[in-house]
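Because the structure is a prediction, the values reported are computed rather than measured.
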Amino acid sequence: MKRFTVSLPEDLKQEMDSLPDINWVQVAKESIQKKVQMLDEFERFERSCDK
């Protein structure tokens, strides 16, 4: 598994820290997966419209 670093504004980090029961890594993974899926679907739609 690969790793990468994300920089966050201090106020956002403080808000995240105030919610310790949330698995922020999992939230990030799911959000990235949803975005990639959405972009893939959009690209497929665009290709189908070009035909």
Side-chain angles (χ1 to χ4, degrees):
M1 189 167 294
K2 298 287 184 177
R3 291 178 173 234
F4 72 97
T5 301
V6 176
S7 296
L8 301 170
E10 186 62 36
D11 58 334
L12 178 56
K13 179 65 169 111
Q14 288 175 354
E15 287 184 61
M16 291 169 67
D17 289 345
S18 73
L19 300 164
D21 294 335
I22 303 296
N23 182 339
W24 293 110
V25 171
Q26 188 62 34
V27 170
K29 284 180 187 179
E30 290 173 5
S31 296
I32 292 167
Q33 286 172 333
K34 286 179 185 177
K35 185 66 171 187
V36 168
Q37 181 181 5
M38 183 186 72
L39 291 170
D40 285 343
E41 290 173 6
F42 182 73
E43 286 179 10
R44 275 186 259 132
F45 174 76
E46 278 190 319
R47 283 193 301 267
S48 71
C49 290
D50 290 340
K51 292 180 181 183

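The distance from the CD atom of Glu15 to the CG atom of Leu8 is 11.0 Å, given to the nearest 0.5 Å. Atoms CE and CD, on Met38 and Glu43 in that order, are 10.5 Å from each other to the nearest 0.5 Å. Considering CG of Leu12 and CG of Asp17, their distance stands at 9.5 Å, rounded to 0.5 Å. Within the model, atoms OG of Ser18 and NZ of Lys13 stand 10.0 Å from one another, a figure rounded to the nearest 0.5 Å.
Hydrophobic cluster membership differs between Phe42 and Ile32, with clusters built from Ile, Leu, Val, Met, Phe, Trp and Tyr side chains linked at under 4.5 angstrom. The hydrophobic clustering, which links ILVMFWY residues whose side-chain heavy atoms are closer than 4.5 Å, places Leu19 and Val6 together. Hydrophobic clustering (side-chain heavy atoms under 4.5 Å, transitive across Ile, Leu, Val, Met, Phe, Trp, Tyr) keeps Val25 apart from Val36.
A side-chain donor-acceptor contact under 3.5 Å links Gln37 and Glu41.
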